[in-house]
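Report on one structure; see the data block that follows.
By convention in this document, chain letters (A, B, ...) are assigned in the order of the sequence lines, proteins followed by strands, and residues within each chain are numbered from 1.
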Amino acid sequence: MNKSSVKTARHLDSIGQVLTLQGWVRTRRDSKAGFSFIEINDGSSQGNIQVIADGSLANYESTIKSLSTGCSIAVTGEVKASGGQGQATEVHASAVELIGECDPETYPLQKKRHSFEKLREWAHLRPRTNTFGAVARVRNCICNSIHQFYQEREFLYVHTPIITASDCEGAGAMFQVTTLNLDQIAKKQIEKLDFAQDFFQRRAYLTVSGQLEGEIYATALGKIYTFGPTFRAENSNTSRHLAEFWMIEPEMAFYDLDDNMDLAEAFMKRIVTDALARCSEDMEFFDKQIEPGLIASLQHVADSSFVRLPYTEAIDVLQKSGKKFDYPVEWGTDLQSEHERFLTEEHFKCPVILFNYPKTIKPFYMFCNDDDKTVRRGSS
RNA sequence: GCCCUUGUAGCUCAGUCGGUAGAGCAACGGACUGUUAAUCCGUGUGUCCUAGGUUCGAGCCCUAGCGGGGGCGCCA
């Protein structure tokens, strides 16, 4: 048995080979001329492979004609150039084996679009949809690119603690980690907790950032990056906030501000370029079904030179724009989303890096410029 | 945390003035076809989110609760 993925079988190079594919039925169309089209997907690619199952197969009437969306099957057959539109290759089955049945009356996923809200109710089946499959593949691609990008530049991948006592720069509300018996404590109505009784004999939290550990490694090993789960207990109900997310933090000794900006720009471009090149089918799906214009927008990020602008000049651009903002633009305050969007989307029409922020709105340890009003970089 | 909005068939939704439930898709049956969100014909489908209240009568009005979505704030 020459096992193959759907991804491989869809490639022209596979024509002429006899392969065995295992996957889940997406759809079946019957021809009364005596054969059926079965589309199967195994997660290896966005597209399905079309299988031609001829009526002469032993289990055609008993099994193949009742295959429905969600069934898992194994198909063995020769890959041939497709006679129809829409696909380069197809498999002419010599055997189709039903591995797992799927009752169409009770299987929730249908051959149509489902809302994300509805799919969340079927969380165990979401990965079988085009959208979630594409997200998983693109995310995998990005993770791979992240490591490749830093490894090529001789950065060390450092693991920083998940459970920690440090609050970093007070970046956000933290999830407390404890082994104290909360039910018992509630019953006793204790006014002050004795953390000496806790697991670490002190308060502990899930990390909000590996920055502090990253910096001490950078000041010993030169260039490091962290990439791992991070937790924020913000009660923020927006699409841009997560309680749990993965964060990348490069920390470099002996880098000046220009070095930092060069790295950031190259990094962003690399991630985007790789995703477009390596996940083209998934990105085309997003562009068509989820967010029209996405590919053009990402290609623009990959192609453009990022604008690098001092904070003070950005304030000047905003104030002279004549644009009415919901939040006033004033030197010394942080920029709101609407200001950032104006700079990137309307004024410069490309990614923008702002630097030399007022020291009053940045962490205390940042390196102060000669003007004593703005800061350039971290303390390393 | 604040504000707005929504909950009806497996899914997406309509439901008028308060009078006892409806369309498309899916499913199922059939027709047709190298098809590809196939197409055409036919069939069935309900705890109208939950609990109270008003009323002769509530999917519809009122109150509370629960769930979903959006915006803002905080924040990344």
Side-chain angles (χ1 to χ4, degrees), chain A residues 6 10 25-41 46-55 64-71 80-93 101-123 125-126 128-131 167-175 206-211 226-249 264 268 285 288-289 325-327 333-338 340-341 354 357 361-363:
Chain A
V6 166
R10 293 178 72 229
V25 173
R26 284 294 179 84
T27 180
R28 188 195 88 242
R29 296 177 291 275
D30 298 326
S31 168
K32 282 283 157 48
F35 60 95
S36 294
F37 300 99
I38 310 164
E39 282 192 43
I40 64 174
N41 187 286
Q46 174 70 27
N48 309 322
I49 186 95
Q50 174 167 280
V51 175
I52 312 297
D54 196 77
I64 293 172
K65 281 196 72 178
S66 57
L67 290 176
S68 57
T69 305
C71 289
K80 296 186 176 180
S82 178
Q85 297 292 311
Q87 63 277 320
T89 66
E90 62 190 21
V91 173
H92 289 240
E101 294 181 353
C102 194
D103 182 0
E105 295 281 4
T106 55
Y107 188 66
L109 294 181
Q110 301 175 2
K111 288 187 289 183
K112 67 172 211 171
R113 214 164 169 174
H114 288 292
S115 67
F116 293 151
E117 294 77 27
K118 186 52 67 177
L119 288 175
R120 181 151 59 201
E121 292 177 23
W122 307 321
L125 296 171
R126 283 194 302 189
R128 291 191 178 192
T129 62
N130 288 331
T131 304
D167 189 15
C168 286
E169 50 196 73
M174 304 176 83
F175 285 103
L206 294 178
T207 182
V208 290
S209 167
Q211 183 187 7
T226 72
F227 179 41
T230 309
F231 307 86
R232 302 274 171 96
E234 300 296 335
N235 192 5
S236 301
N237 298 302
T238 83
S239 56
R240 295 182 185 181
H241 288 83
L242 297 167
E244 171 182 345
F245 58 98
W246 279 54
M247 182 159 70
I248 306 138
E249 292 184 283
M268 289 300 300
F285 171 82
K288 192 178 166 196
Q289 300 287 340
F325 296 108
D326 292 337
Y327 292 85
T333 59
D334 218 345
L335 296 189
Q336 297 287 331
S337 293
E338 58 173 350
E340 294 172 351
R341 291 187 65 146
L354 296 186
Y357 266 72
I361 56 172
K362 286 292 168 187

Requested in this report: For RNA chain B, just give me the dot-bracket, please: Watson-Crick or G-U, both distances below 3.5 Å, ( ) intra-strand, [ ] crossing earlier pairs, | paired with another strand, . unpaired.
Outcome: (((((((..((((.....[..)))).(((((.......))))).....(((((..]....))))))))))))....
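- When the P atom is used for both B:rC2 and B:rC74, the distance is 16 Å, rounded to whole Å.
- In this model, the phosphate group of B:rG1 is approached by a side-chain N or O of A:N235 to a distance below 4.0 Å at OP1 or OP2.
- Judged purely by atom type and a 3.5 angstrom limit, A:R28 has no side-chain atom pairing as donor or acceptor with the backbone of A:T69.
- A:N48 and A:V6 make their closest contact through C-CG1, 4.1 Å (heavy atoms, listed as atom of the first residue, atom of the second, distance).
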Pairs under 3.5 angstrom, nitrogen or oxygen only, protein versus nucleotides 4-11 of chain B, please.
unit_1: B:rG10; atom_1: N2; unit_2: A:Q110; atom_2: OE1; d: 3.2
unit_1: B:rG10; atom_1: N2; unit_2: A:Q110; atom_2: NE2; d: 3.3
unit_1: B:rG10; atom_1: N3; unit_2: A:Q110; atom_2: NE2; d: 3.1
unit_1: B:rC11; atom_1: OP1; unit_2: A:K118; atom_2: NZ; d: 3.2
unit_1: B:rC11; atom_1: O2'; unit_2: A:K112; atom_2: NZ; d: 3.2
unit_1: B:rC11; atom_1: O2; unit_2: A:K112; atom_2: NZ; d: 2.7

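- Partners of A:R126 under the side-chain hydrogen bond (donor to acceptor under 3.5 Å, both in side chains) rule, at least two apart in sequence or in another chain, do not exist in this structure.
- Place A:E117 and A:Y327 on RNA chain B by their nearest nucleotides, and A:E117 ends up nearer the 5' end.
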Query raised in the report: What one-letter contact string describes nucleotides 30-36 of chain B from 5' to 3', where B marks a base within less than 4.0 Å of any protein heavy atom, S marks contact via sugar-phosphate atoms alone, and - marks no contact?
Result: -SBBBBB
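- Separating the P atom of B:rU47 from that of B:rA51 is a span of 13 Å, rounded to the nearest Å.
- Of all non-hydrogen atoms in A:T230 and A:S209, the two that sit nearest each other are CG2-N, 4.0 Å.
- With rounding to the nearest 0.5 Å, the separation of NE2 in A:H92 from CD in A:Q50 is 8.5 Å.
- To the nearest angstrom, C1' of B:rA76 lies 13 Å from CD of A:Q211.
- Closest to the side chain of A:P104, from the set B:rG68, B:rC28, B:rC74, is B:rC28.
- Of the two residues near RNA chain B, A:S68 and A:E244, the one whose nearest nucleotide lies more 5' is A:S68.
- For A:Y357 and B:rA76, the OH to P distance is 12 Å, given to the nearest whole Å.
- Straight-line distance from the CD atom of A:E249 to the C1' atom of B:rA76: 11 Å, rounded to whole Å.
- Rounded to whole Å, the C1' atom of B:rU45 lies 11 Å from the corresponding atom of B:rC28.
- Nearest heavy-atom pair, A:A173 versus A:V208, reported as atom, atom and distance to 0.1 Å: O-CG1, 4.1 Å.
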Show me the protein contacts with nucleotides 41-47 of chain B, counting only N or O atoms at under 3.5 Å.
none

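- B:rA23 and B:rG46 are spaced 15 Å apart, taking the C1' atom of each and rounding to whole Å.
- Between A:N41 and A:Q46, the closest heavy-atom pair is ND2-O, 3.4 Å.
- For CZ of A:F325, the number of neighbouring non-hydrogen atoms (other residues, nucleotides, ligands) closer than 6.0 Å is greater than 12.
- For the C1' atom pair drawn from B:rG67 and B:rA58, the interatomic distance equals 22 Å after rounding to whole Å.
- Note: CZ (A:F175) to C1' (B:rA76) measures 14 Å, nearest angstrom.
- For the pair A:D103 CG and B:rA26 P, the computed distance is 18 Å after rounding to whole Å.
- Results of the side-chain hydrogen bond (donor to acceptor under 3.5 Å, both in side chains) test with A:N130 over A:Q289, A:R26, A:R113 single out A:R26 as the only residue that passes.
- Between B:rU8 and B:rU16, the distance separating the two P atoms is 16 Å to the nearest Å.
- Between A:R341 and A:E338, none of the side-chain N atoms (NZ, or NE/NH1/NH2) sits under 4.0 Å from a carboxylate O, so this pair counts as no salt bridge.
- In terms of the salt bridge (Lys or Arg N to Asp or Glu O under 4.0 Å) criterion, residue partners of A:E39 (sequence neighbours excluded) are, by chain and number, A:R29.
- Heavy atoms only, all atoms of each residue included: A:H114 and A:P108 are closest at NE2-O, 3.7 Å.
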